Amino acid sequence: MSQNRNTPFSVECTIPGIQQQSSGASIFSLQQSPDAYIAQDRLNRANAFAAFINSRNQYLSRLSFLGNNWMSGSSKQPTDRSISLSRDLLNNLGYWYAYKGSESFVYPKVIMSPTPSGGIAMEIELFPDMRAFVTIFDEKIDYEVETKGNYVEFQADKDNISKQLLALYNSNGTKNQSDRTIFPEIIE
Amino acid sequence: MKGDIIPNGEFLYKYVKPETFPDDQTEIPFGIFQDESLSCDWAAIQKNPERSFHIAEGKNLIVRISVCDEIKFPCNPEQPRHKQPAWEQKIEHDPIAKGEDQSHPDIANPSHSLINGKKKNHITKAIARNSVIYKKVVPGQNDPIEEVGNHDGETTNQAPPNFLPGLIIAFVLIAIIIAFIFILS
């Protein structure tokens with residue numbers, strides 16, 4: 001489901017209904033000021049993304065026990081280092097969003113899996129027309145950004161991948177906010 | 001036949017352990033398609049993917065890939081008519097005879113196929129876009145698994161038949177008959 005990002009999510013959902021309840025509002029909170037709504041919306045989004053990050057951290061922990069042969073064809077157990085670096089990147093994203101990003105951004109969508117060679121791959125949808133593709137294999141990080149079908153590769157390492165990603169998010173956030181996709185299953 | 005190019009419109013299967021993906025993730029991730037020789041089963045030959053030996057190994061989530069030009073001939077979006085030979089994917093039939101697969105030496109897989117080529121992110125993403133979760137096979141809830149021979153008379157990649165329930169029923173029936181005869185005598 002797509003929402004118009006020009007309008008904060010909770011403001012759009014001031015009509016009584018499931019979405020309103022799921023965003024923490026009640027019949028009494030309808031009398032809240034717009035500022036209070038926006039603050040509540042930020043808090044809800046921050047909490048939802050924190051829960052998402054937590055669930056993905058648990059998933060990464062489970063990958064430590066996945067073993068080889070997890071897919072037909074060649075498939076190796078993800079290495080501990082790949083899992084650990086993926087967790088760092090994910091937590092940095094979660095930290096940034098909770099303490100700064102939730103003020104202005106809808107949180108990014110993250111699609112994850114192991115790779116056949118023993119790494120971890122993440123597709124991070126920053127905006128509907130901009131995705132970051134990150135593949136982590138031990139210390140090696142492949143980082144590519146897709147914008148409207150064009151793929152551009154960037155140099156990145158474990159120390160700067162989070163910063164690069166967040167700089168990209170920040171640099172495009174102001175002009176693209178209205179286009180971003182919201183994730184109702186996580187919001188709820 | 002080995003080396004035959006698989007035409008557009010055909011389907012390929014991959015088998016994945018469900019725990020490979022986060023529980024609540026519904027999208028197919030690009031990362032699982034990064035192998036330069038991506039091993040699959042050709043649906044035209046593998047009629048019952050639910051009975052593949054992969055299922056018995058816990059890879060009971062079946063991903064179905066639709067063969068198409070978007071995968072075979074990836075192009076640069078800025079030059080859509082300009083072919084990129086370095087990115088092309090050769091999707092070919094690669095049947096495996098008994099003894100050829102070192103990890104499964106007793107199993108032949110006549111449906112085995114490969115998506116060969118360098119897997120840049122836009123290619124793996126194209127494969128993901130043309131894939132669906134076809135089925136999650138629940139162990140014990142499928143038809144009895146039968147052993148099937150291929151055209152060479154070899155055992156295919158079907159799991160071995162399970163005779164145990166039939167044997168138990170036969171044993172119980174014989175026991176009842178013996179007990180009945182014993183009581184009558």
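Predicted model only: the values in this text are computed from it and were never measured.
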J.: Roughly how far, to the nearest 0.5 Å, is the OH atom of A:Tyr59 from the OG1 atom of B:Thr20?
T.: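 So the OG1 of B:Thr20 and the OH of A:Tyr59 are separated by 6.5 Å.
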J.: Are the side chains of A:Asn69 and B:Glu57 in touch, meaning some heavy atoms are under 4.5 Å apart?
T.: yes
J.: Just so I know, are the side chains of B:Asn121 and A:Arg131 near enough to count as touching, which here means a heavy-atom distance under 4.5 Å?
T.: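 No, their side chains stay 4.5 Å or more apart.
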J.: Taking atom CH2 of A:Trp70 and atom NZ of B:Lys17, what is their separation to the nearest 0.5 Å?
T.: 10.5 Å
J.: Rounded to the nearest 0.5 Å, what separates atom CD in B:Gln25 from atom OG in A:Ser113?
T.: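 One finds 7.5 Å between CD of B:Gln25 and OG of A:Ser113.
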J.: Go through the atoms of B:Lys14 and report whether side chain, backbone, both or neither lie under 4.5 Å from a heavy atom of chain A.
T.: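 The answer is both parts of B:Lys14.
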J.: What option among B:Val16, B:Ile32, B:Asp35 has the most heavy-atom pairs under 4.5 Å with chain A?
T.: B:Ile32
J.: For B:Phe73, is the CZ atom crowded, meaning more than 12 foreign heavy atoms sit under 6.0 Å from it?
T.: yes
J.: Inspect the contact between A:Asp142 and B:Lys120 and indicate whether a charged nitrogen and a carboxylate oxygen are less than 4.0 angstrom apart.
T.: no
J.: Are A:Tyr97 and A:Leu43 joined in one hydrophobic group, where the rule is that I, L, V, M, F, W and Y side chains link up if heavy atoms are under 4.5 Å apart?
T.: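 No; A:Leu43 is not reachable from A:Tyr97 via cluster members.
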J.: Just checking, any donor-acceptor pair under 3.5 angstrom between side chains of B:Gln34 and A:Thr135?
T.: yes
J.: I want to check something: taking the side chain as every heavy atom from C-beta on, are B:Lys125 and A:Phe133 in contact at a cut-off of under 4.5 Å?
T.: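 In contact.
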J.: Take atom CD in A:Gln155; do more than 12 heavy atoms of anything else shown fall under 6.0 Å from it?
T.: no
J.: Taking everything shown except B:Lys118 itself, do over 12 heavy atoms lie less than 6.0 Å from its NZ?
T.: no
J.: Measuring from B:Phe21:CZ to A:Ile111:CD1, what's the distance to the nearest 0.5 Å?
T.: 11.0 Å
J.: Counting heavy-atom pairs under 4.5 Å with chain B, which one of A:Pro114, A:Gly73, A:Ser75 comes out on top?
T.: A:Pro114
J.: Applying a strict under-4.5 Å side-chain criterion to I, L, V, M, F, W and Y, I'd like to know whether A:Leu89 and B:Phe30 cluster together.
T.: no
J.: Apply side chain to side chain contact (heavy atoms under 4.5 Å, CB included) to residues A:Met71 and B:Leu61 and explain how you reach the verdict.
T.: CA-CA 9 Å; A:Met71 182 174 68; B:Leu61 197 67; over 6 Å; no
J.: Do A:Tyr107 and A:Met130 share a hydrophobic cluster, counting only Ile, Leu, Val, Met, Phe, Trp and Tyr and linking them when any side-chain heavy atoms are less than 4.5 Å apart?
T.: yes
J.: Are B:Phe11 and B:Val67 joined in one hydrophobic group, where the rule is that I, L, V, M, F, W and Y side chains link up if heavy atoms are under 4.5 Å apart?
T.: no
J.: Are B:Ile91 and B:Leu114 grouped together when hydrophobic residues (ILVMFWY) are joined by side-chain heavy atoms under 4.5 angstrom apart?
T.: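 Not linked; separate clusters.
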J.: By a 4.5 Å heavy-atom criterion (distance strictly below it), what part of A:Leu66 contacts chain B: side chain, backbone, both, or neither?
T.: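 Both backbone and side chain.
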J.: What part of A:Gln58 lies closer than 4.5 angstrom to a heavy atom of chain B: side chain, backbone, both or neither?
T.: neither
J.: Just wondering, do A:Glu123 and B:Glu27 contact through their side chains at under 4.5 Å, heavy atoms?
T.: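 They are not in contact (no side-chain heavy atoms under 4.5 Å apart), so the answer is no.
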J.: Taking every non-hydrogen pair under 4.5 Å, which of A:Glu146, A:Arg62, A:Met112 racks up the most with chain B?
T.: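 Winner by heavy-atom pair count: A:Met112.
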J.: Could you grab the distance from atom OG of A:Ser74 to atom CG of B:Leu38, nearest 0.5 Å is fine?
T.: 10.0 Å
